[in-house]
Asks: 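I'd like to ask you about the structure that follows.
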Amino acid sequence: MEGYTFVITEKPDAAYRIANALDDKGKAERLVEKGIPYFIAYRKEKIVVVPTLGHLYTVTQSGKEQGSRYPVFNIKWAPLYQVKRKADRSRIWLQVISNLAREANRFIDACDYDLEGSIIGYCILKYACGEKQSVAKRMKYSTLTKEELQRAYDSLLPNLNFALIESGLTRHEVDWLYGVNLSRALTLATKRIGGYYATLSTGRVQGPTLKFLVERERDIAGFVPTPYWTIKAQITKEEKQFEATYKRNPVKTKEEAEKIAETCRGKKGIVESVEEKKLILPPPVPFDLGELQSEAYSSFGYLPILTSTTTQQLYLEALISYPRTGSQKLPPQIGYEDILKKLSAWHEYNRLARELLAEPKLKPNEGKKSDPAHPAIYPTGKLPEKALVGAGKNIFDLVVRRFFAVFGSPAIRQIIRVTINIDGESFTLTGKKTVEEGWLRFYNPYRKLEDVPLPLFQKGQEVEVEGLILENKVTQPPPRYSPKTLLQKMEEHNIGTKATRAGIIQTLYDRGYIRDEKVMVSELGVAVIDTLEKFCPSVVSVEFTRQLEEQMEAIRQGKETKERIIARTIENLKEVTTNLKVNEKAVGEQLSRALQMAKIRQKTIGSCPICHSGKLSIIQSKKTNKRFAGCTNYFKGTCKAAFPLPQRGIIEPSERVCYSCKWPTVQVSLRGKKRWILCLNPACLNKIQKIKEAGVK
DNA sequence: GCAAGGTC
């Protein structure tokens, strides 16, 4: 076989698009070898375009000693299948790549032109293609459009970007050294001292994320609520009642509030001013993954990880564009009109799509963020082959309507503020109305703005004051993070990436560091942060990421080297791990205690409804191997209370008493089914309750 | 198996 040009891409979709763009006839040949797809294109020459599947190489411990020891500083790069279980497909994938590289006489790296993409291509060329990294050319493109890809191919960069590659390798190695060594230190201290085995972990992203949550817990715990008062005046106009709020709300003391109310009581109000303002709401910007995850949480309550897997499915069905993007831009090359035309074939979107198509010019309201490899998320225009259901249906609809909305005109809201003077004190009434619907019409029902109607007030008019309302309130502690706000916080500090943030939050749940949707930190989570703050404060600080980024930038500029940074990392970790070992007893005790408390908490349902002094606990019978709820006083011989529990599914304490009989309840969840609440009282008339009825969040 | 990162 004659030689050909070998092009490596980061993922199958990119290989498909590149091959088609390069092929003279615009239609490359798709071949499959051992289940792995690749493409052949002709463009004066034969081009074989082969995808990889993200990282097929990773950092791992070198040498034979693999046991549970730390610190470990000898690392190497190895194929993923040697490191990870269930990675057989990656072994075959590499075989296919190697085979296709053998006959090639020219090599081109066409992976995403970013940090990770650069290492992905480099490792394939170096390890799977036989040291071709030094002769390979680099194809640099920023969108997967035909014109851009052809341009990129015709103006190849002569070399790989070795400085970028070196910084990427450093990022992987530093993360591995910190993450693995500190995770082992935590796990082993707990095991050796307390005898508990639990996988504990931390890292450059997990650390600060957990610390945000712990800091919030500390703020909440240390919060001192202070009372305050608010005043409202009941106004009557045209036989309708309105509540005008006092301008100087909140009022600090009860005395002051009562004094103000007293002066106003029984007096007439005079309209002091009527101000009208127009509020312009620009259309939203296109979705990047983070924004879509936030919006899906607000609109449907979907956790970021669900949105992430759902968008991946929609992408694989070709219904939406590539979802793991940080871009808020929609370049014209995606073909706005074509997409709208295709969507208009769908009954649900027909009217809105046609309305946009009637516009003289389509211009999306783009956001600031861009991504070197992908545009924002948009519907491709393809209609689903079978009807979408559940999360797929909802998220697809959200993506389509957002796509429509970014082309819409600004919405205009009219805000009317009426100031009413009652014996020298000012009160305001606010009316709100949407006067120009603009893009809101396209984004319905995902952005609801309520109208607050107000009758016509005129300056100098007299109004009746029916009464005054005093309300005693207390300041609230800062709210717990939700999956949405936590994700935003991570983005704000630039830790993790759009593809990993949701998963890292999930890891914190899996480790038992956090629980509940309004995130609470467990004793274990607090103990982990406590330990790390003492022994390795850098790994729980967002500064760490910033420093690493600086060092990587220095490498790119040739001012630093990977060797020097790794050497410094090792030096620091030697000190940290020595300290941890010296203090292993204290560390292990603290973590074990927290783990033990967590285990007890997971089993404790509530106070015993029979003896009232013990606690009901989930117990596994040694005789029958069945579980039941039993009183802790059983072991003292003072209470024999025991109640049956379902034998299947996961049982957790609900932390709520039954709304109907006040007995303790548990939360039961069967795999793939909704959770429900079970009251333990055998005589309760509402033994089985829905989550909402029971008042559980 | 522990990280974080890419991909299906």
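Below, chain A is the first sequence line, B the second, and so on; all start at residue 1. Given the structure is predicted, the values throughout are model-derived calculations rather than measurements.
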Asks: Can you tell me which nucleotide in B:dC2, B:dA4, B:dC8 comes closest to the side chain of A:Y315?
Replies: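 Ranking B:dC2, B:dA4, B:dC8 by closest atom to the A:Y315 side chain puts B:dC8 first.
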Asks: Can you tell me if the side-chain N/O atoms of A:R324 get under 4.0 Å from OP1 or OP2 in B:dT7?
Replies: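 Affirmative; the distance criterion is met.
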Asks: Among B:dG6, B:dA3, B:dT7, find the nucleotide with the atom closest to the side chain of A:T507.
Replies: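 For A:T507, the side-chain atoms sit closest to B:dA3.
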Asks: Under 3.5 Å, which donor-acceptor pairs link side chains of residues 83-94 of chain A to any protein atom two or more places apart or in another chain?
Replies:
residue: A:S90; atom: OG; partner: A:A87; partner atom: O; Å: 2.8
residue: A:W93; atom: NE1; partner: A:P51; partner atom: O; Å: 2.8

Asks: Under 4.5 Å between any side-chain heavy atoms of A:N159 and A:V135, yes or no?
Replies: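 They are not in side-chain contact.
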Asks: Applying side-chain hydrogen bond (donor to acceptor under 3.5 Å, both in side chains), can you list everything that pairs with A:E291, at least two apart in sequence or on another chain?
Replies: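 Listed in chain order: nothing, the list is empty.
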Asks: In terms of side-chain heavy atoms of A:R511, which of B:dG1, B:dG6, B:dA3 is nearest?
Replies: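 The nucleotide sitting nearest to the side chain is B:dA3.
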Asks: From B:dC8, B:dC2, B:dA4, pick the nucleotide closest to the side chain of A:V180?
Replies: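 My answer, after comparing the listed nucleotides, is B:dC2.
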Asks: Using a 3.5 Å cut-off and no angle test, enumerate the donor-acceptor pairs between side-chain atoms of residues 121-129 of chain A and protein atoms at least two apart in sequence or in another chain.
Replies:
residue: A:K126; atom: NZ; partner: A:E131; partner atom: OE1; Å: 3.4

Asks: Applying side chain to side chain donor-acceptor pair (under 3.5 Å) to A:Q506 and A:D510, what does each step give before you reach the verdict?
Replies: CA-CA 6 Å; A:Q506 187 57 46; A:D510 293 345; 3.0 Å; yes
Asks: Taking the side chain of A:K11 as heavy atoms from C-beta outward, which of B:dC8, B:dG6, B:dC2 is closest to it?
Replies: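 That would be B:dC8.
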Asks: Go through residues 558-584 of chain A and report each residue with a non-hydrogen atom lying under 4.0 Å from DNA chain B, sorted by number.
Replies: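 Contacting residues: none.
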Asks: Can you name the side-chain hydrogen bond (donor to acceptor under 3.5 Å, both in side chains) partners of A:R102, sequence neighbours left out?
Replies: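 Here the qualifying residues are A:N99.
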Asks: OP1 or OP2 of B:dG1 sitting under 4.0 Å from any side-chain N/O of A:T199?
Replies: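 Answer is no, no contact under 4.0 Å.
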Asks: Among the nucleotides B:dG1, B:dT7, B:dG5, which one has an atom lying closest to any side-chain atom of A:R85?
Replies: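 Taking heavy atoms from C-beta onward, the closest nucleotide is B:dG1.
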Asks: So if I take every side-chain heavy atom of A:V205 and compare against B:dC2, B:dA4, B:dG6, which nucleotide ends up nearest?
Replies: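 Given the options B:dC2, B:dA4, B:dG6, the side chain of A:V205 is closest to B:dA4.
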Asks: Any side-chain N or O of A:T497 under 4.0 Å from OP1/OP2 of B:dG6?
Replies: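 Answer is yes, contact under 4.0 Å.
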Asks: Show the atom names and distances, to 0.1 Å, of all donor-acceptor pairs under 3.5 Å that link a side chain in residues 585-594 of chain A to residues at least two apart or in another chain.
Replies:
residue: A:K585; atom: NZ; partner: A:E589; partner atom: OE2; Å: 3.1
residue: A:Q590; atom: NE2; partner: A:D530; partner atom: OD2; Å: 3.0
residue: A:S592; atom: OG; partner: A:G588; partner atom: O; Å: 2.5

Asks: Checking contacts here: which listed nucleotide (B:dT7, B:dC2, B:dG5) is nearest the side-chain heavy atoms of A:R204?
Replies: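 Nucleotide nearest to A:R204's side chain: B:dG5.
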Asks: Indicate whether OP1 or OP2 belonging to B:dT7 is found under 4.0 Å from a side-chain N or O atom of A:Y322.
Replies: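 Yes, such a contact exists.
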Asks: Let's see if you can work this out: which of B:dC2, B:dA4, B:dC8 has an atom nearest to the side-chain heavy atoms of A:T58?
Replies: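 Among B:dC2, B:dA4, B:dC8, the one nearest the side chain of A:T58 is B:dA4.
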Asks: Choosing from B:dC8, B:dA4, B:dT7, which nucleotide comes nearest the side chain of A:L316?
Replies: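 Shortest atom-to-atom distance from the side chain points to B:dC8.
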